[in-house]
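Working notes for the structure below.
Sequence lines set the chain letters: A, B, ... in the order given, protein chains first and strands last, and positions in each chain run from 1.
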Number of protein chains: 2
Amino acid sequence: MTDNSSTPETEVLSLLPTRLRTARRDKGLSLDAVAKLSGVSRSMVSQIERGESSPTIATLWNLTRALQVDFAGLLEGVDEPAGIEVLRNAHVPLIANAGQGCSIRILSPPEEVGRHEVYDIRFKENGILDSAPHKRGAREHLTVITGNVRIKAGQQVELLGPGDTARYPVDQPHTISAEAGPAQVFLVVQDA
Amino acid sequence: MTDNSSTPETEVLSLLPTRLRTARRDKGLSLDAVAKLSGVSRSMVSQIERGESSPTIATLWNLTRALQVDFAGLLEGVDEPAGIEVLRNAHVPLIANAGQGCSIRILSPPEEVGRHEVYDIRFKENGILDSAPHKRGAREHLTVITGNVRIKAGQQVELLGPGDTARYPVDQPHTISAEAGPAQVFLVVQDA
DNA sequence: GGAAAATTTCCGTGATTTCGGAATTTCATG
DNA sequence: CATGAAATTCCGAAATCACGGAAATTTTCC
């Protein structure tokens with residue numbers, strides 16, 4: 001394999017072998033077992049796990065299915081904090097000047113932006129939050145804590161009460177608004 | 001390339017060529033241009049885009065960098081529902097017999113299991129929820145709506161009040177429990 | 001239309017992956 | 001410490017990927 005470790009980006013590939021081996025061992029599988037499961041030969045699996053060959057996406061795909069690992073995450077860097085991170089109520093970052101009559105509390109860490117954002121949004125009476133389209137494939141997951149809200153995504157409109165949940169694509173203009181009196185909602189944005 | 005389209009999963013790979021070509025054309029780049037940018041030869045890029053060969057992850061990686069596309073998302077299927085999905089309070093699926101004195105309301109759709117799970121958990125006084133370790137890299141993101149809770153992840157323990165948020169890795173045993181009186185929390189599980 | 005330029009596909013060659021089986025190592029057990 | 005079984009690594013041969021240059025196609029412009 002041609003490993004010209006010149007660019008730091010390339011080294012991400014060097015993580016793959018160990019990750020695969022770990023995944024297999026964690027499941028207590030032998031090379032032979034995954035070979036049968038994945039259709040990739042024992043020897044190939046061995047070579048790949050030792051970084052002696054750079055697999056075709058086809059074979060890598062088969063391996064990930066057999067090992068039940070997420071193909072997507074396989075190439076990402078690993079840099080998660082170790083312990084419990086606590087964000088106190090008083091210290092939650094706020095966005096006050098978005099929309100009208102609403103304050104957005106940012107509960108997710110900056111590192112996760114784009115993959116996984118969590119917000120606690122509080123609307124005053126008649127509060128409204130208008131959003132421009134995000135990236136294609138992005139979705140929002142909204143649950144009402146208190147009050148009533150109206151969701152508009154593209155053409156469609158829905159009314160939600162306490163405890164209700166809505167999920168919708170946000171690669172289009174969308175609006176959240178308090179319906180009659182104040183409201184509080186919990187919002188998870190996925191793949192924005 | 002050996003495209004034995006027997007399993008439906010395999011067809012995900014067939015999406016890759018078009019996606020790459022689209023990405024390139026959208027940027028208005030020629031084969032030659034991406035060849036120079038990525039270090040992959042013109043002809044190879046052409047073959048890959050036409051599905052006539054299944055690239056090595058090494059070369060695919062170089063391509064993604066040149067085209068500035070997300071390697072992770074490149075292999076994901078596209079099957080998200082189009083409109084707003086609503087889940088009414090009364091119809092939220094419940095897990096009653098997990099832990100003691102707590103009921104878990106499942107807010108995320110079954111399709112998302114493993115990537116992105118959202119729960120609304122309600123504890124009675126002294127309620128407790130014990131969980132076995134999940135997959136490595138998994139994290140939980142917990143926000144307290146009402147009451148006080150105690151989080152235990154591995155050795156570490158934290159006490160949270162209303163509005164507080166905690167994030168922690170869950171590739172280890174972890175416990176959530178109501179601290180003094182009942183509590184309600186919002187839980188997002190990532191990459192479980 | 002026709003010629004020039006650019007873009008893409010085809011083709012021969014060398015490097016790399018992939019496979020199946022043999023050889024080696026590791027591990028449990030008496 | 002010997003022995004057998006299991007797991008892993010080594011070793012050809014066949015298949016496929018990857019490259020650079022030539023042919024073919026498409027685009028542009030007069």
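- Atom CE in Met44(A) sits about 16 Å away from atom P in dA15(D), given to the nearest Å.
- The hydrophobic clustering, which links ILVMFWY residues whose side-chain heavy atoms are closer than 4.5 Å, places Ile128(A) and Val185(A) apart.
- A salt bridge is defined here as a Lys NZ or Arg NE, NH1 or NH2 lying under 4.0 Å from an Asp or Glu carboxylate O, and Arg24(B) with Glu49(B) meets this definition.
- Counting only residues at least two apart or on different chains, the salt bridge (Lys or Arg N to Asp or Glu O under 4.0 Å) pairs with a member in residues 33-43 of chain B are Asp32(B)-Lys36(B), Asp32(B)-Arg42(B).
- For Glu179(B), the side-chain hydrogen bond (donor to acceptor under 3.5 Å, both in side chains) criterion is met by Arg150(B), not counting sequence neighbours.
- Remark: Gln184(B) pairs with Asp120(B) by the side-chain hydrogen bond (donor to acceptor under 3.5 Å, both in side chains) rule, at least two apart or across chains.
- Taken together through direct or relayed side-chain contacts under 4.5 Å among Ile, Leu, Val, Met, Phe, Trp and Tyr, Val189(A) and Ile106(A) form part of one hydrophobic cluster.
- For Thr59(A), there are no side-chain hydrogen bond (donor to acceptor under 3.5 Å, both in side chains) partners, not counting sequence neighbours.
- A distance of 10.0 Å separates CG of Leu142(A) from NE2 of His174(A), quoted to the nearest 0.5 Å.
- Whole-Å rounding puts the Ile57(A) CD1 to dT16(D) P distance at 15 Å.
- Taking side-chain N and O atoms only, Thr59(A) has a distance below 4.0 Å to OP1 or OP2 of dT18(C).
- Direction change of the helix axis from one end of the helix from dG1(C)-dC30(D) to dG30(C)-dC1(D) to the other is 40°, with five pairs defining each end axis (rounded to 10°).
- Between Ile48(A) atom CD1 and dC17(D) atom C1' the separation is 14 Å, expressed in whole Å.
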Scan nucleotides 5-11 of chain D nucleotide by nucleotide, 5' to 3', and note B when protein non-hydrogen atoms come under 4.0 Å of the base, S if they reach only the sugar-phosphate, - if neither.
--SSBB-
